[in-house]
Amino acid sequence: MSENAELSDFIRDIVREDLKTGKHSEIVTRFPPEPNGYLHIGHAKSICLNFGIAAQFGGRCHLRFDDTNPVKEDQEYIDAIIEDVRWLGFNWGEHLYYASDYFEQMYEWALALIRKDNAYVCTLSPEEFKDYRGVPNRPGRESPWRNRAVEESEDLFKRMRAGEFADGQYVLRAKIDMASPNLHMRDPVIYRIKHASHPHAGDKWCIYPTYDFAHGLEDSIEKITHSICTLEFEVHRPLYDWFLKALAVYHPRQIEFARLNLSYTVMSKRMLLELVRDGIVNGWDDPRMPTIAGLRRRGYTPEAIRAFCAAIGVTKYNGITDIALLEHCIRDELNRTAARRMAVLNPLKLVIENYPEGQVDELEGINNPEDPSAGSRKISFSRELYIERDDFMEEPPKKFFRMGPGREVRLRYGYLVQCTGFEKDAQGNITEVRCTYDPETRGGNAPDGRKVKGTIHWVSAAHAQRCRVRLYDRLFNVERPADVEQGEDFKQHLNPDSIGEIEALVEPAVAAVEPGSRLQFERLGYFYADHIDSQPDAPVFNRIVPLKDAWAKKRGG
RNA sequence: UGCCCGAUGGUGUAACGGUAGCACGAUUGACUCUGAAUCAAUUAGUCUAGGUUCAAAUCCUAGUCGGGCAACCA
């Protein structure tokens with residue numbers, strides 16, 4: 001992954017330093033998702049960071065499922081996460097792990113903590129627990145069970161495991177400091193009873209460790225050198241360190257960075273799940289979703305996503321990245337790689353009055369002006385064509401470089417044509433535009449050297465084929481949809497026009513495209529032949545991103 | 001309110017005591033058989049107040065603003 005070659009940020013600085021001082025000779029990172037939802041572009045940032053660092057410094061990166069809460073987790077998510085990380089282009093080799101595979105070891109460590117009087121079984125109910133914990137600016141009170149005999153705690157903990165108790169009846173807590181200004185240090189729960197089937201461990205356990213207890217131990221077992229996580233875990237770091245120290249085991253270093261926020265979308269698993277559950281989108285892989293699966297379905301490439309992750313950088317500043325940067329990354333790649341084709345999304349018939357009926361001309365179209373090796377193709381031209389409705393105006397302003405009565409434009413790779421008139425139906429809709437062509441301008445250039453400002457795309461009516469095209473737009477119409485007032489719903493900011501499906505007229509070479517291909521429809525944008533909905537010879541296209549449109553801006557004011 | 005973290009153009013990010021740079025966006029122009037791309041230019045920034053220093057975006061203090069933390073979630 002050469003895009004990582006010279007990346008630098010405060011975390012890489014630390015890694016570089018640790019290598020230089022000899023603190024570590026090999027770097028080991030990990031990407032530790034909880035399988036309780038689909039991965040999104042924010043996870044891609046973390047994936048690129050962790051796998052990227054490992055690649056850059058010649059170490060390795062583990063994929064580890066942090067599956068400590070069976071009631072929220074599911075095999076579906078495990079499978080999807082594996083697929084997504086792999087699709088993004090990363091390889092964990094043999095290093096696929098599950099926190100649940102370490103449960104026996106964690107249980108032993110919990111026992112060790114009990115025996116060292118560093119943990120105790122607490123009988124407080126959840127309500128009492130809350131009450132005893134206190135609030136941030138007031139210390140908590142010690143649980144009456146805090147000084148339970150070590151033997152009794154040990155016995156109870158074993159019986160918790162044996163399944164003798166109901167959910168919530170007992171918990172195992174670390175004995176730290178109920179007066180700590182850091183709430184997480186006030187005797188946190190480290191094991192709770194959950195009689196639930198686990199997607200990976202099955203029914204082997206009915207007690208499960210909490211994140212705070214488990215995570216550092218997982219890192220320690222795997223000899224992770226740098227445990228990279230997001231900012232909200234900063235206040236957990238003292239706890240992370242406390243467990244590793246109390247158990248005197250290998251001690252990785254936790255480093256926090258700011259998670260990604262993207263404009264015009266939401267990134268919280270809760271909100272994403274809500275969109276899926278409420279049927280506002282068509283599943284986790286809806287092309288409007290910021291999930292990896294959604295972006296893939298939309299037509300984004302792993303390369304573009306990685307380029308984006310490299311471009312946004314890594315800091316501790318919690319900002320919001322403009323989605324325009326993501327769009328830039330995919331345009332930048334597709335401009336270099338995507339074949340050009342002509343498609344008319346909103347057709348208007350154009351009749352060339354002086355072109356012989358029945359005559360067909362085979363014109364040559366360049367497949368990709370950015371890539372000569374992409375070659376060219378033949379495009380059929382005939383008397384009746386379709387052009388884009390937006391490319392004709394009855395009374396065009398001066399700056400409109402397209403068709404209008406009396407105006408001359410170029411038909412891409414075809415001829416110069418001059419508009420001679422148009423027809424309307426009873427409702428006043430323009431139904432047809434008429435023109436004459438200059439036979440001397442075949443290919444698009446006039447021998448007399450005259451210039452035309454506008455070039456428009458077209459398809460031959462007799463040769464055009466129909467294709468379903470979905471025009472996607474941003475899911476929300478405000479920059480920060482997650483920032484809602486109390487009592488308001490983020491869904492009120494949904495963009496009602498985030499999806500529009502039309503039937504386009506396309507040149508035959510478009511209909512023949514392989515599912516999974518990406519094309520540029522000239523002057524319109526980049527489109528993806530959906531790998532799920534496309535049929536052989538009947539592709540269904542998703543608009544990945546439109547081309548930049550200077551005219552739309554000018555017109556829009 | 002207690003603790004932790006942060007603050008550089010519109011947005012993201014460099015500068016590691018010594019010329020505030022890059023990218024995206026926006027604007028303008030050149031070029032153009034894609035109003036794309038490309039090229040050129042313009043726009044616009046160190047939160048505030050003190051202090052240390054020959055010199056501060058950078059170090060110190062205070063304040064302001066923003067974020068995080070009171071799940072038996074991660």
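Chain identifiers are assigned alphabetically (A, B, ...) following the order of the sequence lines, protein sequences preceding nucleic acid strands; residue numbering begins at 1 within each chain.
- Comparing the P positions of B:G6 and B:U43 gives a spacing of 33 Å, expressed to the nearest Å.
- More than 12 heavy atoms of other residues, nucleotides or ligands shown are found within 6.0 angstrom of CD1 on A:Ile14.
- Taking atom P in both B:A20 and B:G25, one finds a spacing of 27 Å when rounded to whole Å.
- Nearest to the side chain of A:Asp13, among B:G35, B:U11, B:C16, sits B:C16.
- At whole-Å resolution of the value, CG in A:Leu334 and P in B:U34 are 19 Å apart.
- Nearer to the 5' terminus of RNA chain B, by closest-nucleotide assignment, is the contact made by A:Arg331 (compared with the other of A:Arg331 and A:Arg523).
- Among the protein residues, A:Ser263 comes within range of no part of the nucleic acid, since none of its heavy atoms lies under 4.0 Å from any strand.
- When the P atom is used for both B:G12 and B:U32, the distance is 38 Å, rounded to whole Å.
- Distance A:Leu7 CG to B:U13 C1': 12 Å, rounded to the nearest Å.
- Using a cutoff of 4.0 Å between basic side-chain nitrogens and carboxylate oxygens, A:Glu218 and A:Arg64 are scored as salt-bridged.
- Taking the six-membered ring wherever Trp is involved, the centroid distance between the rings of A:Phe257 and A:Phe10 does not fall below 6.0 Å.
- With hydrogens and angles ignored, a donor-acceptor pair closer than 3.5 Å exists between the side chain of A:Gln520 and the base of B:U34.
- Proximity of the aromatic rings of A:Tyr300 and A:Tyr528 is defined here by a centroid distance below 6.0 angstrom, and this criterion is not met.
- For the pair A:Leu547 CG and B:U34 P, the computed distance is 11 Å after rounding to whole Å.
- The base of B:G2 does not come close enough to the side chain of A:Arg138 for any donor and acceptor atom to sit less than 3.5 Å apart.
- Under the 6.0 Å cut-off for aromatic ring centres, A:Phe103 and A:Tyr208 qualify, their centroids lying closer than that.
- Looking at heavy-atom distances under 4.0 Å, A:Pro369 makes contact with a base.
- Comparing B:U27 with B:G10, their C1' atoms are spaced 13 Å from each other, to the whole Å.
- The residue among A:Gly454 and A:Arg237 whose nearest nucleotide of RNA chain B is located toward the 5' end is A:Arg237.
- Rounded to whole Å, the P atom of B:U64 lies 15 Å from the corresponding atom of B:A49.
- Between the P atom of B:A36 and the CD atom of A:Glu388 lies a distance of 17 Å, rounded to the nearest Å.
- Remark: RNA chain B forms stems of 3 or more consecutive Watson-Crick or G-U wobble pairs, all pair distances under 3.5 Å, at B:2-7 with B:64-69, B:10-13 with B:21-24, B:26-30 with B:38-42, B:47-51 with B:59-63.
- With hydrogens and angles ignored, a donor-acceptor pair under 3.5 angstrom links the side chain of A:Asn137 to the base of B:U1.
- In this structure, A:Phe400 reaches the bases: a heavy-atom distance under 4.0 Å links it to at least one base atom across the strands shown.
- For A:Tyr211 and A:Phe233, the distance between ring centers is under 6.0 angstrom.
- The distance between atom CG of A:Asp549 and atom C1' of B:U34, rounded to the nearest whole Å, is 11 Å.
- Cation-pi contact between A:Arg410 and A:Tyr415: absent, since separation from the ring centre below 6.0 Å together with deviation from the ring axis within 45° is not met.
- A donor-acceptor contact under 3.5 Å is formed by the side chain of A:Arg340 with the base of B:U34.
- On the C1' atoms, B:A14 is 15 Å away from B:C24, given to the nearest whole Å.
- The interatomic distance linking A:Asn368 (CG) with B:U38 (C1') rounds to 14 Å, in whole Å.
- For the pair A:Glu522 and A:Arg412, the salt-bridge criterion is met [side-chain N within less than 4.0 Å of a carboxylate O].
- Remark: the separation of the C1' atoms in B:U19 and B:C39 is 27 Å, to the nearest Å.
- Nearest nucleotide to the A:Lys548 side chain, out of B:A26, B:G35, B:U13: B:A26.
- With distances taken from any side-chain atom of A:His328 to the nucleotides B:U32, B:A36, B:C24, the minimum falls on B:C24.
- Taking the P atom of each, B:U28 and B:G67 are spaced 35 Å apart, rounded to whole Å.
- In the model, A:Thr230 has no side-chain atom that pairs as donor or acceptor with a side-chain atom of A:Arg259 under 3.5 Å.
- Of the candidates B:A7, B:C24, B:C16, the closest approach to any side-chain atom of A:Tyr317 belongs to B:A7.
- No engagement by A:Arg186 is indicated, since no non-hydrogen atom pair under 4.0 Å with the nucleic acid exists.
- Contact annotation for A:Ile366: no contact, since no heavy-atom pair falls under 4.0 Å across all strands.
- Atom-to-atom distance recorded for A:Asp322:CG and A:Tyr264:OH is 7.5 Å, nearest 0.5 angstrom.
- Two rings, from A:Tyr97 and A:Phe65, have their centers 6.0 Å or more apart.
- Electrostatic pairing of A:Asp167 and A:Arg192 does not count as a salt bridge here, judged by no charged N lying under 4.0 Å from a carboxylate O.
- Classified by its glycosidic torsion, B:A40 falls in the anti category, the angle being over 90° from 0.
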For this session: Encode nucleotides 63-74 of chain B as B, S and - characters from 5' to 3', where the letter depends on protein heavy atoms closer than 4.0 Å: B to the base, S only to sugar-phosphate, - to neither.
Result: ----SBSBSBSB
